[in-house]
There are 2 protein chains.
Amino acid sequence: MTKPIQAIATGTRAAILEQAIPLFANIGFAGVSMREIAKAVGITPAALYYHFSDKETLYFEAMRYAYADQAESFKMALQLEVTPRQRLESFVLQLTQYLYDKPDFQRLMQRERLDGDEHRTKLLAEHLFQEQFKAMSELARELAPEFEPHLWAISIAGLVMYHIEAEHLRHHLPGWKQEHDDPRVVADHVLRFILQGVNID
Amino acid sequence: MTKPIQAIATGTRAAILEQAIPLFANIGFAGVSMREIAKAVGITPAALYYHFSDKETLYFEAMRYAYADQAESFKMALQLEVTPRQRLESFVLQLTQYLYDKPDFQRLMQRERLDGDEHRTKLLAEHLFQEQFKAMSELARELAPEFEPHLWAISIAGLVMYHIEAEHLRHHLPGWKQEHDDPRVVADHVLRFILQGVNID
DNA sequence: GTCTATAGCCTGATAGAC
DNA sequence: GTCTATCAGGCTATAGAC
């Protein structure tokens with residue numbers, strides 16, 4: 001319905017990436033054709049091949065473009081000079097809010113977990129998540145020393161992500177309420193769920 | 001490599017479904033062609049259309065077939081006449097083990113969360129998960145009355161599932177150890193993670 | 001039930017004009 | 001840079017023989 005001509009993008013290359021991202025996120029690599037992408041941008045398929053050598057390269061670049069601003073987003077939350085508990089709280093809140101605000105990014109992550117090859121998965125882990133994951137592991141050592149930091153950090157991330165990824169499914173499961181789709185309610189629940197198991201002074 | 005001709009299946013229809021399931025699970029609906037499925041079964045594409053009216057119907061029936069044995073699997077774990085804590089323990093253990101043992105099922109679930117339409121998602125929720133989800137919600141009331149049962153049950157399921165779904169990604173994140181791929185280690189961690197936050201007598 | 005053959009369309013990708 | 005035109009091949013699905 002909405003046809004938001006790119007306001008941010010300058011240049012055709014950026015416009016292509018910005019139109020391709022939601023298509024790949026919502027339909028997947030195999031489900032989207034170069035013709036569809038071209039149509040969304042308002043050019044012919046042939047023009048796509050001037051900017052990207054093939055479909056896979058376009059997909060790869062679309063991912064990199066979608067990730068571009070992400071790496072910066074969480075750094076601050078974890079590096080603040082505050083108590084460990086406050087760092088955990090701001091991390092959970094920020095992650096929840098981010099995933100709600102950027103559904104394309106969230107769905108691209110989800111698809112990579114299913115279809116990402118070794119190369120892309122490694123890139124994802126090392127260039128996007130590693131720094132935050134390290135900070136989370138450090139937090140684990142401070143807040144929950146009785147756990148493996150790696151497993152603990154995955155648990156935190158998984159808790160947040162699953163609530164969001166299962167949103168449609170949850171709507172048909174007993175006890176669902178409208179408010180459960182509110183990121184603040186999810187973040188609040190997840191935080192309480194974690195903190196009850198953590199040795200807070 | 002391995003070409004395990006169907007040993008369980010009796011009849012072509014079952015053979016088709018059994019060959020289609022891993023293909024859909026690993027590559028996805030849009031990524032798999034009727035030709036590929038036919039080739040895996042050892043028949044021609046035309047023969048598929050004798051058994052299933054079109055590709056979508058085949059996919060739908062393949063899902064139903066993959067789910068068929070699942071509904072029974074978890075019932076006992078939750079209906080045992082044991083303490084709530086023991087029911088939680090056997091649920092987490094059984095879910096973890098099941099997802100590791102049936103990667104096709106696990107991946108089909110993951111794909112449904114991404115691409116499932118309203119109809120399939122509802123079917124999934126109501127015919128497969130509802131009963132176990134209710135039992136989990138009941139468990140929540142007994143073990144963690146300070147939480148919303150719905151959100152608590154989702155958290156438990158999400159904890160287990162995310163560890164498994166993120167397996168490839170985890171391999172490239174700091175602190176990963178080989179043993180973290182062992183379902184018993186994951187189940188043990190998840191259980192401890194949950195139980196520390198639960199009021200056990 | 002399964003086959004051969006094929007219709008009709010869509011796909012990724014390229015050549016060459018502008 | 002973007003176009004028109006097009007190729008070669010893959011796709012779902014069907015018709016009709018056996």
Side-chain angles (χ1 to χ4, degrees), chain A residues 3 5-65 108 111-112 114-117 119-120, chain B residues 3 5-65 108 111 115-117 119-120:
Chain A
K3 206 73 192 290
I5 311 300
Q6 79 284 0
I8 313 116
T10 63
T12 305
R13 188 191 147 93
I16 293 169
L17 294 172
E18 283 176 19
Q19 295 299 319
I21 285 167
L23 289 171
F24 284 135
N26 290 323
I27 315 178
F29 179 81
V32 176
S33 68
M34 294 297 265
R35 281 169 164 81
E36 283 180 83
I37 296 168
K39 195 175 174 183
V41 183
I43 56 176
T44 60
L48 291 177
Y49 288 91
Y50 174 82
H51 297 277
F52 305 96
S53 60
D54 56 24
K55 191 184 173 186
E56 269 204 62
T57 304
L58 170 52
Y59 179 74
F60 186 76
E61 293 300 317
M63 280 218 315
R64 292 213 315 156
Y65 192 88
L108 284 176
R111 291 198 187 278
E112 281 303 296
L114 270 166
D115 299 323
D117 59 27
H119 173 229
R120 286 207 312 262
Chain B
K3 205 66 188 295
I5 313 298
Q6 80 284 2
I8 313 115
T10 62
T12 305
R13 187 192 147 92
I16 293 169
L17 294 172
E18 283 176 20
Q19 295 298 320
I21 284 167
L23 289 171
F24 283 135
N26 290 323
I27 315 177
F29 178 82
V32 176
S33 68
M34 294 298 263
R35 282 168 161 82
E36 283 180 85
I37 296 167
K39 196 175 174 183
V41 183
I43 56 176
T44 60
L48 292 177
Y49 288 91
Y50 174 80
H51 298 277
F52 304 95
S53 61
D54 56 25
K55 190 185 175 185
E56 268 204 63
T57 303
L58 170 52
Y59 178 75
F60 187 76
E61 292 300 317
M63 279 218 316
R64 292 213 316 155
Y65 193 89
L108 284 176
R111 290 198 188 279
D115 299 322
D117 58 29
H119 173 227
R120 288 208 311 265

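Throughout, a chain's letter reflects where its sequence line sits, starting with A, and its residues are numbered from 1.
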Between D:dG1, C:dT2, D:dA13, spot the one nearest the side chain of B:Y49, thanks.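 Within the option list, the nearest is D:dA13.
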Closest nucleotide among C:dA13, D:dA15, D:dT2 to the B:A46 side chain: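 The nucleotide sitting nearest to the side chain is D:dA15.
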Interatomic distance where [atom1] belongs to [X] and [atom2] belongs to [N] [whole Å]:
X	N	atom1	atom2	value
B:L23	D:dC11	CG	P	13 Å
B:F52	D:dT14	CZ	P	15 Å
B:E56	D:dC11	CD	P	17 Å
B:I37	C:dT2	CD1	P	16 Å
B:L48	C:dC3	CG	C1'	13 Å
A:M34	D:dC3	CE	P	14 Å
A:K55	C:dA13	NZ	P	8 Å
B:H51	C:dG1	NE2	P	7 Å

Does A:R35 make a side-chain donor-acceptor contact with the base of C:dG12, cut-off 3.5 Å?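 Side chain to base: pair present.
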Starting from the C-alpha separation in whole Å, work towards a yes-or-no answer on side-chain contact (heavy atoms from CB on, under 4.5 Å) for A:F52 and A:I16. CA-CA 10 Å; A:F52 305 96; A:I16 293 169; 3.7 Å; yes
Quick one: is [N] close enough that its OP1 or OP2 comes under 4.0 Å of any side-chain N or O from [X]?
X	N	answer
A:S33	C:dT11	yes
A:T44	D:dC3	yes
B:Y50	C:dT2	no

Does a side-chain heavy-atom distance below 4.5 Å link B:D117 with B:R120?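 Yes, at least one pair of side-chain atoms sits under 4.5 Å.
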If the plane angle is over 60° it's perpendicular, under 30° parallel, otherwise tilted; pick one for A:Y59 and A:F24.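 It falls in the perpendicular class, over 60°.
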Decide, yes or no, whether a salt bridge links A:E61 with A:R64 under the criterion of side-chain N to carboxylate O below 4.0 Å.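 Result for this pair is yes, salt bridge flagged.
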